[in-house]
Structure formats: structure tokens, C-alpha cells
Amino acid sequence: MANALNNDGDPGRLVLGVESSCDETAAAVVEDGRRALSSVVASQVRDHAPFGGVVPELASRRHLEAVAPVIRAALAGAGVTLGQISGLAVTQGPGLIGSLLVGLSAAKALAWARDLPIVGVSHLEGHIAALRLMDDPPAPPFAALLVSGGHTSIYHVHDFGQMEELGQTVDDAAGEAYDKVAKLYGLGYPGGVIIDRLAAGGDPTAIQLPRPRLRDGTLDFSFSGLKSAVVRFRQEHIGQNYRIEDLCAGFQEAVVEVLTSKTIAAAKQRGLTRLALAGGVAANQRLRQAMAQAAAAAGMELTAPPVALCTDNAAMIAAAGAIRLRAGLRLALEADAVSRLPRGGRLPGEA
Ligand code: KG4
Ligand code: ZN
């Protein structure tokens, strides 16, 4: 039986999104793929903080506890009932498999019980789709730098829902490097925002660190060598006096210089004049400032979304899902979660 409000035949009209790929349980209701009516995020940061990183087994348990109340809160926050929802979108990967399975199972159960169309969404496509939720979204085509705790990639976004990867990290993600450096110095978790804050009071030229792959001519990144350079610096300076603020500023400057220069190079290669930032590290103040300066110098226009749209949320999943629902894609109810995306970025189990 088709849902009575399966809404003028448009499955993308009012989408419930569910995200549980890492340590945030999130649900949101998005209208027309463009307007978030609600966006609820239950963070597990406090649960994982004592361990200095996400503990997968603990994350799955917390998702199990949070998923139903978070979905209920998203519906209530939007002032809609499940009966009014036109389609479902859920993160299918990449991410922690046990975490992904919780959101995926919850969304599938709702789709089955309510006979609603459902799509699986790539978490990465979601981060890019977050830009579409802005009042003034960037007009495709544009170059996007996606920087998070799990990913660092540059895309040529031909259109929302159609992105081509131009380069990516060959080892650690930028956010992972931030978190590892913060852990090394016992600064707290998650490290990105703490280093961002400390770096603001430091001198970025006081401690020089390497800029990996800055001039290698590719659009790929590498951050594990930079992290090792910080480890070495720390060992070599035991008992010596230096300011942690300067170390943070020096580290951050190295990361930001590589990210900025490769993004501008990618846009130039593709003849693109618009740039956009996405992902948790896009919340970084210095990155936003340096990108804005570099874009202006190159005659390009930069879009930096508000912080709530940079970090993990489900509105971005619903926004990406609306496009997929309207394109007629559907998730098979037996489709699995995927910890890593296959080459080309296509999700399995799609009809
Ligand atoms: O996108 P996100 O919420 O989750 C993933 O998909 O990974 O990104 C989380 C990452 C973490 O590594 C965190 O340390 C980093 O984003 N992050 C930041 C800042 N805020 C969050 N890194 C640098 N500066 C920030 N202000
Ligand atoms: Zn993310």
C-alpha cells in the first residue's frame, strides 16, 4: 500500500535523514532538499573523551540508545509526523560498520513499516550536499575541499549529486592529524577545535614543520609524515622551553598551507572560479581565513558553510538523499553498510 501522503509523487519533498557513521547519532527533516526544518545531533564526545578517540564498540551501543529518541526529536522539531514524510535517506558508508548498521537498520525498519521510499547516501556526498542547505549555496560547477576526521579530498562538483574526485589523502586525514597531535600532547579530545583555539595565541613561524607533498604536482595529500615530524620535535625538545601555542600554530600553518594551495591548484586545472569548504575541519578558523585570502588573490569566490553544517549531521544526508530519491534510486532492504566506499564511490545494493 502506498503511503497516503507519499506526497504528490515527489519522494524528495520532505525527507527524513538518519546519520550514524561515527560518534554522532543524528536525524533531520529537510524540505525540498534545500531547507532543514530540524537537525538533531546527539554527540558521544563525552563518552569517548577519556579514551582520546572513538571506541567503535562503545559508539555502536550509544547509537542504539540514541537512534529512536533522536528520530522522534527530529520529527517533533520539524512539526511533522512520520505519515507526512515522503522519503528516507540514511548514511550507508563509509564509517564504522557497527555504528552505520544502527542507523541503517532503524531507517530500513521505518521504510518497511511505512512503505516509504528509501535511499542509502555516501557520507562524503552528504558533506558536499550540506552546502545546498545554505541560504546562498555555491552554484555548481565548483571545486570542493572536503576535510574531516576520516577524509581529505578535493572534488570537482559538476552538480549536486555529481562529484568527481581529483585528489585525496594517501594516509591520514587532516582531522585525524589534528586529533593525533592533540592526543600526543594530552590537549583533549577531539583535538581539532582545541588546536584551532590554542594556535590563535601562537606564532606560526616560531616552529617550522614540513609541508608534505606541497610541490609534488599532484592533488593528493599526506599527513602522517607531518604527525611524525611533531612526534620527533617533541622528543628532541624534551625538557626545553617552548610554547604549546607556537607548536599548534606551526602545525596548523603546515596543514592549512597544503590544503589551500592544492585546492587553488585543482580549481585552476579545471578552470573553476568557485570554491567551497566542507567537513569538520572546515570549521577551522585559520583554514577559512587562509582560503578566503588565497581565493581572493586568485580571483575566485569561496563559500565556507556555518560550523553546524561542517560537522556531522543528518540534514546533509537528507539533502543528498532528496536528489537520489528524485533520481529514482532506491536502497534494497537487504543492502549492507559499507565501511569503505568502492572505487568510483558507488554504493552497493542500489536499484
Ligand atoms: O566531519 P566530522 O564531524 O566527522 C567526520 O566525518 O570525520 O569531522 C570531525 C573532525 C575531527 O577530526 C575534528 O578534530 C575536526 O573535524 N575538527 C576541527 C575543528 N573542528 C572539528 N579541526 C580543526 N579545527 C577545528 N575548528
Ligand atoms: Zn563527516
Side-chain angles (χ1 to χ4, degrees), residues 17-26 28 39 41-45 48-49 52-54 56 59 90-96 99-100 103 121-131 144-153 155 168-169 172-185 187-202 204 221 223-224 226-227 248-249 251-256 258-260 276-291 304-317 319-320 339-341:
V18 178
E19 150 69 36
S20 68
S21 65
C22 190
D23 61 344
E24 253 101 36
T25 321
S39 181
V41 181
S43 171
Q44 306 175 1
V45 158
H48 300 287
V54 178
V90 60
T91 308
Q92 196 180 355
L96 299 169
S99 290
L100 287 163
V121 170
S122 144
H123 184 81
L124 309 181
E125 203 169 307
H127 271 300
I128 301 296
L131 291 158
L145 172 69
L146 169 54
V147 258
S148 74
H151 309 277
T152 303
S153 308
Y155 296 100
Q168 62 163 311
T169 181
D172 291 354
E176 194 178 351
Y178 268 93
D179 295 339
K180 284 178 175 171
V181 167
K183 190 173 180 180
L184 179 72
Y185 277 91
L187 300 178
Y189 169 85
V193 67
I194 299 168
I195 291 184
D196 192 357
R197 206 169 46 232
L198 287 169
F221 302 98
F223 292 106
S224 78
L226 175 58
K227 176 206 63 193
C248 289
F251 163 77
Q252 177 159 282
E253 208 55 25
V255 174
V256 165
V258 183
L259 291 176
T260 304
L277 297 176
V281 183
N284 186 266
Q285 291 310 312
R286 177 65 190 130
L287 176 62
R288 293 167 88 99
Q289 182 192 45
M291 280 292 294
V307 170
L309 287 177
C310 293
T311 49
D312 286 352
N313 65 86
M316 68 185 200
I317 302 302
S339 59
R340 284 171 173 272
L341 282 188

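Computed from a predicted model, the values in this text were never measured in an experiment. We count ligands from 1, going down the list as the structure has it; atoms in each ligand are counted the same way.
Within D312, the N/O/S atom positioned nearest the Zn ion (ligand 2) carries the name OD1.
For the pair Q168/H151, no side-chain contact is recorded, criterion being any heavy-atom separation below 4.5 Å from C-beta on.
A donor-acceptor contact closer than 3.5 angstrom is absent between the side chains of Q285 and R288.
Inclusion of T311 in the set of residues having an N or O under 3.5 Å from an N or O of ligand 1 is not warranted. Taking any N or O of E24, backbone or side chain, none lies under 3.5 Å from an N or O belonging to ligand 1. Every N/O-N/O distance between G279 and ligand 1 stays at or above 3.5 Å. Checked against a 3.5 angstrom limit, the closest N/O atoms of D312 and ligand 1 fall inside it. The shortest N/O to N/O separation between P190 and ligand 1 does not fall below 3.5 Å. At a 3.5 angstrom cut-off on N or O pairs, H123 counts as close to ligand 1. Looking at ligand 1, you'll find an N or O of N284 within less than 3.5 Å of one of its N or O atoms.
Judged by the shortest distance from any of its heavy atoms, A283 lies inside the 4.0 Å radius around the atoms of ligand 1. Within the 4.0 Å heavy-atom shell around ligand 1 one does not find Q252.
Among the atoms of H151, none of the N, O or S atoms falls under 2.8 Å from the Zn ion (ligand 2).
Aromatic ring orientation, H123 versus H127: perpendicular (interplanar angle above 60°, classes split at 30° and 60°).
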